[in-house]
Undergrad: 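What follows is a structure written as C-alpha cells; I'll ask about it next.
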Amino acid sequence: MKPAIVDLAERIQTDIQARKLKPGDPYFTTSETARSFQVSGTTANRALQLLTQRRVLVRKQRAGTFIAEPGKKQSYGLKCVHLVVHQKFLEREGLLADGIVIGIQREMPDAELQFNFLPHREEEVYVQEIVNRALKSSEPEGFVLQRAQVGVQRILEESGLPAVVNGLLQPSISGLAQIDRDQEQIGRLLIQELLRKKCTRFLVVLRDQVTAGDHQLLDTIQRELKVAGFGLDQLCIRCLPADDRAIQATALEVLQQSTGKLGVLCRSEPAARAIGECVFGEPLPKSRRPVLVVADRFARDQSDCPFPYIRACLSPVAYGQEIGRMLMRQVNGEGALSMETRVEVELVQPIKATPS
C-alpha cells in the first residue's frame, strides 16, 4: 500500500491523461478533488502540492489549479529516489510524513519518488536486489532509509550510491549521511516532564526493532534518573510489537507492581494511546494515576495528541528539503561522512491535559 498522497497523486495524473487535459486547462480545486476521489481535504491538498512540486500542476492564488506548461526539464542529478520503510510503521505511525515527501520532491522536482516496503523477512536480500538494479541504471538513483537495521545500512554504505538515513547510523556504519531529531534532547525533556509530575517509577516502551537512536535515548534517560537520585530498579524497559493488547498487558503489569506514581515514556503515539485506553480506566487514586509522554509523533491527521509529546523545531517540509539537499550534495561529489544533521526539538503540552 502506497502512502495516501502518493497514491492520489498517481490517480490524478491518470485522470489528467484520461481526460486529455492540456497545459493551461483548469483542474479541480482541493474540495472538488476530495469529492471526486473520495478522500479527505487534507489528503487532496497534499497530493496537489506534491504534483505542483513535480511541475505537473500550477496553483495560482485566487485563480485555481491548472495543468502546467511543459518546459525544458532541468537535470537534478537523480532519476529516482527510493524511500525504504517498513509498511507496518507507515500504516501505524505515518513514518515519513507527507510533509517530508513534499519537501524531498521540492528539492528534486524531476526525481521519481518510489516507496519500497521492507518485508518481514529477508530484508537484506530485498534491499540488495533494489540496489543492484539501481547500480545498473543508466541514470543515478538515491535512497532514503527509515528505521533501517544494520544489514540494510551496510548494503547502502558499500554500494556508494547517494543515501540518507532518516535516523542514526547503526554501530559499525560510518559512510552514510544521517539526519535525526536530537535523541539526547528528547530523553532529557521527557524525563524532566515525568519528574515534574512527581513520578517515582518509570516505564519506557520501545518498538520491537531497536535502533541506534533508541540506545542514545536510553543512555540519556539513565543519566537523568541517576542525577535525580533514582536507581536502575526504578526503571523498566520493554521492547514490544505494534500490538495494542500486548502493549496494554505490559503496562498494566508494570502498573500493578508499582507503589508510587508511574511515568510511561512511549516511543510512539499509538503505543501511548493504547496504554491510555486501559490504564485510565483502572480504579486508582489520583496520586497513582500514570503519566504518559510521547517521543515520536508522526500523525497524518490533524487530531490533537492527548499527551505531552516531542515536536521537531524543523517543519516536515523543511526536514524533507534537508534530506533532498543532502542527496544532491552527494550527487555533486561531496562525501557522506561530513553530513550529519541533528534537528532540535521541543516539548508540546496537550491542549486538554490527560488525568495525572
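Only this structure's heavy atoms are used, side chains among them; waters, hydrogens and symmetry mates stay out. Here, residue 1 is the first one in the sequence, and each next residue gets the next number.
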Undergrad: In chain order, what residues pass the side chain to side chain donor-acceptor pair (under 3.5 Å) check against Ser315, with sequence neighbours excluded?
TA: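 Expected list: none.
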Undergrad: Can a donor-acceptor pair be found between the side chains of Ser258 and Arg201 at a distance below 3.5 Å?
TA: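 On atom types as modelled, these side chains qualify, holding a pair under 3.5 Å.
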Undergrad: Looking only at atom types and distance, does a side-chain atom of Thr43 sit under 3.5 Å from a main-chain N or O of Val39, one as donor and one as acceptor?
TA: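 A pair under 3.5 Å: no.
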Undergrad: Got a sec, which pairs hit salt bridge (charged side-chain N to carboxylate O under 4.0 Å, His left out) with one end in residues 166-193, sequence neighbours left out?
TA: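 Only Arg181-Asp296, Glu193-Arg196, Glu193-Lys197 qualify under salt bridge (charged side-chain N to carboxylate O under 4.0 Å, His left out).
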Undergrad: Any sub-3.5 Å donor-acceptor pair from Ser36's side-chain atoms to Glu32's backbone N or O?
TA: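 It does not hold such a pair.
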Undergrad: With sequence neighbours excluded, give me every salt bridge (charged side-chain N to carboxylate O under 4.0 Å, His left out) pair touching residues 209-226.
TA: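 Non-adjacent pairs meeting salt bridge (charged side-chain N to carboxylate O under 4.0 Å, His left out): Asp214-Arg267.
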Undergrad: Can a salt bridge be assigned to the pair Arg121 and Glu123 using a cut-off of 4.0 Å between side-chain N and carboxylate O?
TA: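 Result for this pair is no, no salt bridge flagged.
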Undergrad: If you look at every heavy atom in Leu78 and Pro162, which pair is closest and at what distance?
TA: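 Closest approach of Leu78 to Pro162, heavy atoms only: CD2-CG, 4.2 Å.
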Undergrad: Does Glu112 have any salt bridge (charged side-chain N to carboxylate O under 4.0 Å, His left out) partners at least two apart in sequence or in another chain, and if so, which?
TA: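 Glu112 satisfies salt bridge (charged side-chain N to carboxylate O under 4.0 Å, His left out) with no other residue.
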Undergrad: So how far is it from Leu190 CG to Leu195 CG, rounded to the nearest 0.5 Å?
TA: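 If we round to the nearest 0.5 Å, Leu190:CG and Leu195:CG are 11.0 Å apart.
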Undergrad: Might you work through the side-chain contact (heavy atoms from CB on, under 4.5 Å) test for Gln216 and Leu168, ending with a clear yes or no?
TA: CA-CA 9 Å; Gln216 198 171 93; Leu168 295 183; 3.7 Å; yes
Undergrad: Taking the six-membered ring for Trp, are Phe230 and Phe202 parallel (under 30°), tilted (30 to 60°) or perpendicular (over 60°)?
TA: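 It falls in the perpendicular class, over 60°.
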Undergrad: If we count only N and O atoms by modelled type, under 3.5 Å, do the side chains of His215 and Gln183 hold a donor and an acceptor together?
TA: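 The answer is no; no qualifying pair exists.
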Undergrad: Could you check whether any side-chain N or O of Gln105 sits under 3.5 Å from a backbone N or O of Met108, counting only pairs where one atom can act as donor and the other as acceptor?
TA: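 Judged by distance alone, yes, a pair lies under 3.5 Å.
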Undergrad: Go through the structure and list residues passing side chain to side chain donor-acceptor pair (under 3.5 Å) with Arg133, not counting sequence neighbours.
TA: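 Listed in chain order: nothing, the list is empty.
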Undergrad: From Leu176 CG over to Met339 CE, what is the distance, rounded to the nearest 0.5 angstrom?
TA: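 Answer rounded to 0.5 Å: 11.0 Å.
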Undergrad: Can you check whether Ala134's main-chain N or O pairs, donor with acceptor, with Ser137's side chain at less than 3.5 Å?
TA: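 Answer holds: no.
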Undergrad: I'd like to know if Asp15 and Arg19 make a salt bridge, using a cut-off of under 4.0 Å between side-chain N and carboxylate O.
TA: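 A salt bridge is present here (some side-chain N lies under 4.0 Å from a carboxylate O).
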Undergrad: Would a distance-only check, ignoring hydrogens and angles, find a side-chain to backbone donor-acceptor pair under 3.5 Å from Glu157 to Ser174?
TA: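 It does hold such a pair.
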Undergrad: Asp7 side chain to Ala4 main-chain N or O, any donor-acceptor pair under 3.5 Å?
TA: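 A pair under 3.5 Å: no.
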Undergrad: Under 3.5 Å, is there a donor-acceptor pair linking the side chains of Ser172 and Arg154?
TA: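 A donor-acceptor contact under 3.5 Å links the two side chains.
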Undergrad: For the residue pair Thr42 and Ser40, confirm or rule out a side-chain donor-acceptor distance under 3.5 Å.
TA: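 Note: Thr42 and Ser40 side chains miss the donor-acceptor criterion.
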Undergrad: Going by atom types alone, do Gln128 and Asn132 pair a side-chain donor with an acceptor below 3.5 Å?
TA: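 Judged by distance alone, the side chains do pair up.
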Undergrad: Take Val144 and Leu327 through the test side-chain contact (heavy atoms from CB on, under 4.5 Å) and record every step on the way to the result.
TA: CA-CA 9 Å; Val144 176; Leu327 285 170; 4.1 Å; yes
Undergrad: Looking at Glu269 and Val294, would you say the former's side chain and the latter's main chain have a donor-acceptor pair under 3.5 Å?
TA: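 No: the side chain of Glu269 does not pair with the backbone of Val294.
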Undergrad: Any donor-acceptor pair under 3.5 Å linking the side chain of Gln153 with the backbone of Ala148?
TA: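 It does hold such a pair.
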Undergrad: Under 3.5 Å, side chain of Asn332 to main-chain N/O of Met328, donor-acceptor pair present?
TA: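 Present.
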Undergrad: Considering only NZ, NE, NH1 and NH2 on the basic side and carboxylate oxygens on the acidic side, decide whether Asp110 and Arg55 come within less than 4.0 Å.
TA: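 So Asp110 pairs with Arg55 through a salt bridge.
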Undergrad: Any salt bridge (charged side-chain N to carboxylate O under 4.0 Å, His left out) involving residues 315-332? Give me the pairs, sequence neighbours left out, ordered by first then second residue.
TA: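 Those involving residues 315-332 are Glu107-Arg325, Glu322-Arg325, Arg329-Glu334.
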Undergrad: Counting distance only, does the side-chain N/O of Gln185 pair as donor-acceptor with the main-chain N or O of Val345 below 3.5 Å?
TA: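 Present.
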